[in-house]
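Chain letters run A, B, ... following the sequence lines, proteins first, then strands; residues in each count from 1. Quick caveat: nothing in here was measured; it's all calculated off a predicted structure.
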Protein chains: 2
Amino acid sequence: MGTTQLETVPEPKYWHLKTVLSEALDQDFAVGEILPNERELAARFGVARATLRQALEQLELEGRLQRRRGVGTTVAPPRVGVAVGSSGQGWPGESVDGWELVDADGAEAALPSAAVLKLLGGAAVADQPVHTVRRTRVSHGQAVAAELLYVPAASVPGLSAIDGPAGAARGRAVLRELQRLALEGQDRSVELGSARADDAKELDRLPGAPVLVVTTRYFTAAGTAAVSVATYRADTCRLTFGDSGDVEITHEARVAS
Amino acid sequence: MGTTQLETVPEPKYWHLKTVLSEALDQDFAVGEILPNERELAARFGVARATLRQALEQLELEGRLQRRRGVGTTVAPPRVGVAVGSSGQGWPGESVDGWELVDADGAEAALPSAAVLKLLGGAAVADQPVHTVRRTRVSHGQAVAAELLYVPAASVPGLSAIDGPAGAARGRAVLRELQRLALEGQDRSVELGSARADDAKELDRLPGAPVLVVTTRYFTAAGTAAVSVATYRADTCRLTFGDSGDVEITHEARVAS
DNA sequence: GAGTGGTCTAGACCACAAC
DNA sequence: TTGTGGTCTAGACCACTCC
């Protein structure tokens, strides 16, 4: 009788489920532990599998869970802090480490898309080839980011776009040439995106997985010398800017007041 | 006979749908235009509504669409660039503008949660009250971020935690006192999250909506003087770091090579 | 009240990993 | 072969906005 909620706010089931699961993860599960499968969890909570999945999706988005087809759902470790451009600037791969060239297609010189041209600004002419270097960033033994680095041929005149080394060797050459230039500044932006098929493969995720897209423009006195578009796994990464990237910030930091 | 795809890769329907819709958005729709409703779109493409919704969700995540219950689905404008900490540092609200105190609960002095304590580090003692200031950031007439700023009472000794002004007035007082301190540095991280109920309300989104969580720590010689946790709408915002935040970067920048 | 997107169900089949 | 998560269906009802 009586003191039950008067104003019953119909909180969605999946939202409530997410809360319950989240607490269970904190209390009853260790990192890496495998959860019961979706069909059983759904039955245990008395909901349809689709509803259960809606809750799991949220938790995965928040980096609490990791789901792998054919394997199962495991408790994810805390997100790793990945340093993205300390205040001390530098050419790609200089100050920040962990980047590896993708040997497969290393680098090619091709005509850029209209969108990349726009990013490169006036420095690149539409008809000019642009070196495209593909790299992967590895942290804690896991691929965390896939990058496409666009360098107009005009930025690295010491390197022939037609002759010269091919594949990964060309990629290395482009990076080496870049670092001979005087970097005047850079420009960075971060936004949410979903992984393209190629990036997803590189990151060991399904296409459409949420990613943080970091777009960086590198300036010299001559203008925009290079543009990098790096896609980071949003589920496992926390991008850090500034001096310390090693500080622990768990999801709990957001359960505040 | 013949040249039809030999290796038929069963691309998911929703993925293909997303591509088709994305192209249609580029060609046949203007920003702000309203799409046919989900039931009709699903029928038109010959899929179940749930499948159609999966495609729409992706497009919304990428900032291409905006969906509002009871209204409809509209074509979203390009994401707005929001400056987050230019290299030139500063106390909250100093260099970057657009922040407004939330008058409702302005600021209160309470004991912080364990997670916030961890962020504040050694500077705050567990038993000490922490001023909690709630702010909202408005850009282009729209709320783009909700922030909780935590300032240990010890950081602003000129302000009594118990007496003194209340509500929004206290918030302003806390900010004013902060700016009298010598800022030695800061520390920033960005990660993906989902909107808590209170933040969602502030941002005019549903709970669970994707947000970019920007955590900033402000250092003085005495240690961590304040911590800010700001949640930005991931669908409408592109966070910019550095000097220029006004550059147009459309989604096309990622359709490359 | 009419129309929208949001939630939920109870099934089915598929792709993938591991045994 | 078995068991997992991923995709898809065809419905139903709810919450909200607008007229």
Q) When you check the side-chain N and O atoms of A/Thr74 and A/Gln66, is any donor under 3.5 Å from an acceptor? A) no
Q) Counting only N and O atoms by type, is there a donor-acceptor contact under 3.5 Å from the side chain of A/Glu60 to the main-chain atoms of A/Glu57? A) no
Q: For B/Arg188 and A/Thr240, test the side chains for any donor-to-acceptor distance below 3.5 angstrom and give the result as yes or no.
A: no
Q. Quick one: on DNA chain C, does A/Gly46 or B/Glu38 contact a more 5' nucleotide (nearest heavy atom)?
A. B/Glu38
Q | Carboxylate-amine/guanidinium contact B/Arg64 B/Asp26, below 4.0 Å | A | yes
Q | Pairing residues for A/Glu40 by the salt bridge (Lys or Arg N to Asp or Glu O under 4.0 Å) criterion, not counting sequence neighbours | A | A/Arg44
Q: Identify whether any heavy atom of A/Arg39 sits under 4.0 Å from a base atom; if not, whether one sits that close to sugar-phosphate; answer base, sugar-phosphate or nothing.
A: base
Q) Do NZ/NE/NH1/NH2 and the carboxylate oxygens of A/Arg79 and B/Glu191 come within less than 4.0 Å? A) yes
Q. For DNA chain C, which nucleotides open and close the run of contacts to chain A, 5' to 3', at under 4.0 angstrom from a non-hydrogen atom?
A. C/dT7 to C/dA17
Q: Name every residue in residues 49-61 of chain A that has at least one heavy atom under 4.0 Å from any atom of DNA chain C, in order of residue number, or write none if there are no such residues.
A: A/Arg49, A/Ala50, A/Thr51, A/Gln54
**Q.** Pair A/Arg233 + A/Asp204: basic N to acidic O under 4.0 Å
**A.** no
Q. What's the CG-C1' distance between B/Asp204 and D/dT17, to the nearest Å?
A. 13 Å
Q. Taking the six-membered ring for Trp, are B/Tyr232 and B/Trp99 parallel (under 30°), tilted (30 to 60°) or perpendicular (over 60°)?
A. perpendicular
